[in-house]
Protein chains: 2
Amino acid sequence: MRGAEINTWQAVQTEVLRRIRAHIWRPGDAIPHEEALAEEFGCARATVNRALRQLAEDGLLDRRRKAGTRVTLNPSRKAKLDIPVLRVEIESKGMRYFHEIVSREVAAPPLAARARLQAKPGEEHLHLVALHMGDDAPYVYEDRWINLAAVPKARKVDFTAISANEWLVRNVPFEGGEIAFSAVVATKRDAAILRCAQGDGLMAIDRITRRAGQVVTAVRQTFKPGYQLQAQL
Amino acid sequence: MRGAEINTWQAVQTEVLRRIRAHIWRPGDAIPHEEALAEEFGCARATVNRALRQLAEDGLLDRRRKAGTRVTLNPSRKAKLDIPVLRVEIESKGMRYFHEIVSREVAAPPLAARARLQAKPGEEHLHLVALHMGDDAPYVYEDRWINLAAVPKARKVDFTAISANEWLVRNVPFEGGEIAFSAVVATKRDAAILRCAQGDGLMAIDRITRRAGQVVTAVRQTFKPGYQLQAQL
DNA sequence: CAGTGGTCTAGACCACAAG
DNA sequence: TTGTGGTCTAGACCACTGG
């Protein structure tokens, strides 16, 4: 007899995965088309489509109209990173969250920052330096520019009551942006603010958030020594 | 007259997104149920479902049976990272790829590595240290343990012809794993291998890959100074 | 218990791209 | 040109969970 019927998309996906892992279908091979699989499994084509579509999104299959479906040759491992609001991240580790504003000014950004902000010379931005603490120890320190032309309301917000990140997330729906991770060496200033040693290796995250073609905010967050960013494969 | 009909799942998604961004539906609010939206948009419920399901996967909506659909209160920004095979990454930057084996031995891993490998004392593993080059300059240096109990074939593979990563991806279908990013300071040894200065800040990636409950391989990759990991939000 | 999302089906038409 | 995936529909039943 045949095994249990394969008539849910998860079951189809599991079976297809099994065949890929068992090398019944090898990297680069074409697999049967949806209609054929639907007939074999005894389910609707939409069910097969749902299963294969997700495997394609996960990078295990390559699908093209007319060309059919193939097992990906060079599967790039995809990691999904959650970048939570810092308060949530710190509190989820069981620590008490607190943050303080180190400095706040309205000014025209210097040349280096202007490029990232797509700002014209002399255009005023809000410049915030803030420190996020977990259990009274520095956790991350951020240097942020907020485009007042895009977010005029920000000029009057009390960012000691709510962090800039959190306020922006809640009040300025963003449409996209870029994020980059790099490793830096703690400068004397970094060390003083984060209470670490000069020369420590620190993780830095640079983010740019856009809306309607404008840059809403650009921020560099510098994490305490030993910080790890984790994800599942 | 009404605008163009909303009868593709992308159009539904766009319209829902617009309402979230325009704060017509605010964070924490419940939105109409699928059937109501389907009627409003003049499309099938399955179409609405497809649109909302993906928004939920992206973290913008919370959906629960009976409770309905709500706009997520603390949207964590999700970044999708592609971790390609290094050869592909380097070649995609227009550089010529080359790699060399620094050392290769079969040995029982030391205590520190044993934990990550879930290995018993005395269990033999393949220990590989390799250097990946882009245009004859060191790009990343990796220290890898391969579990020979899980992958006996690896013992005889010529890893000068194909990198361990690439061989494993093609020959040992993995089922999952963890990845962690951190910042380290270049040791004297790191500096010698990567041809950088001792004390430079370096990005390090630790990966563990599993299959059938076993650890297949654990690797630490240390990148050249200035390396950035980029992603879209 | 009953409301809501989750999924399946059978059929249809469309969009894209390989040959 | 034509095969293949992409999507929509209308209806149905199921699974979970809030009240």
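All values below come from the heavy atoms of this structure, side chains included, with hydrogens, waters and symmetry mates left out.
- Comparing A/Thr69 and B/Trp9 against DNA chain D, the residue whose closest nucleotide sits nearer the 5' end is A/Thr69.
- Following rounding to the nearest Å, B/Arg63 (CZ) and D/dC16 (P) show an atom-to-atom distance of 16 Å.
- Heavy atoms of other residues, nucleotides or ligands lying less than 6.0 angstrom from CD of B/Gln10 number more than 12.
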Completion exercise
With sugar-phosphate taken as primed atoms, P, OP1 and OP2 and all else as base, the protein-contact string of nucleotides 10-19 of chain C at under 4.0 Å (heavy atoms; B, S, -) is --B--BBBB-

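- For C/dT7, the OP1/OP2 oxygens have a side-chain nitrogen or oxygen of A/Gln10 closer than 4.0 Å.
- In this structure, the ring pair (Phe, Tyr, Trp, His ring centres under 6.0 Å) partners of B/Trp167, at least two apart in sequence or on a different chain, are B/Phe159.
- The nearest whole Å value for the distance from the CG atom in B/Asn7 to the C1' atom in D/dT7 is 11 Å.
- A/Glu57 places its CD atom 10 Å from the P atom of D/dG6, with the value rounded to the nearest Å.
- Between A/Arg53 and D/dG6, a side-chain N or O to OP1/OP2 separation shorter than 4.0 Å is absent.
- In this view, A/Glu34 and A/Arg45, A/Asn49, A/Arg63 satisfy the side chain to side chain donor-acceptor pair (under 3.5 Å) rule, not counting sequence neighbours.
- If you measure from atom CD of B/Glu35 to atom P of C/dG6, you get 15 Å, rounded to the nearest angstrom.
- Between B/Thr47 and D/dT9, a side-chain N or O to OP1/OP2 separation shorter than 4.0 Å is present.
- Look at CD on B/Glu39: it is 14 Å from P on D/dT9, rounded to the nearest Å.
- Contact annotation: B/Asn49 side-chain N/O to C/dG5 OP1/OP2 distance is not under 4.0 Å.
- Every salt bridge (charged side-chain N to carboxylate O under 4.0 Å, His left out) that B/Arg144 has, sequence neighbours left out, goes to B/Glu142.
- Within the structure, no pair that satisfies the side-chain hydrogen bond (donor to acceptor under 3.5 Å, both in side chains) test touches residues 145-154 of chain B, not counting sequence neighbours.
- D/dG6 atom P lies 14 Å from atom CD of A/Gln54, rounded to whole Å.
- A search for side chain to side chain contact (heavy atoms under 4.5 Å, CB included) contacts involving B/Ile24 returns B/Arg18, B/Arg19, B/Ala22, not counting sequence neighbours.
- Of the possible polar contacts, none joining the A/Thr47 side chain to the A/Asn7 backbone as a donor-acceptor pair under 3.5 Å is found.
- Distance, A/Leu37 CG to C/dT9 P: 14 Å, rounded to whole Å.
- Whole-Å rounding puts the A/Glu34 CD to C/dC8 P distance at 14 Å.
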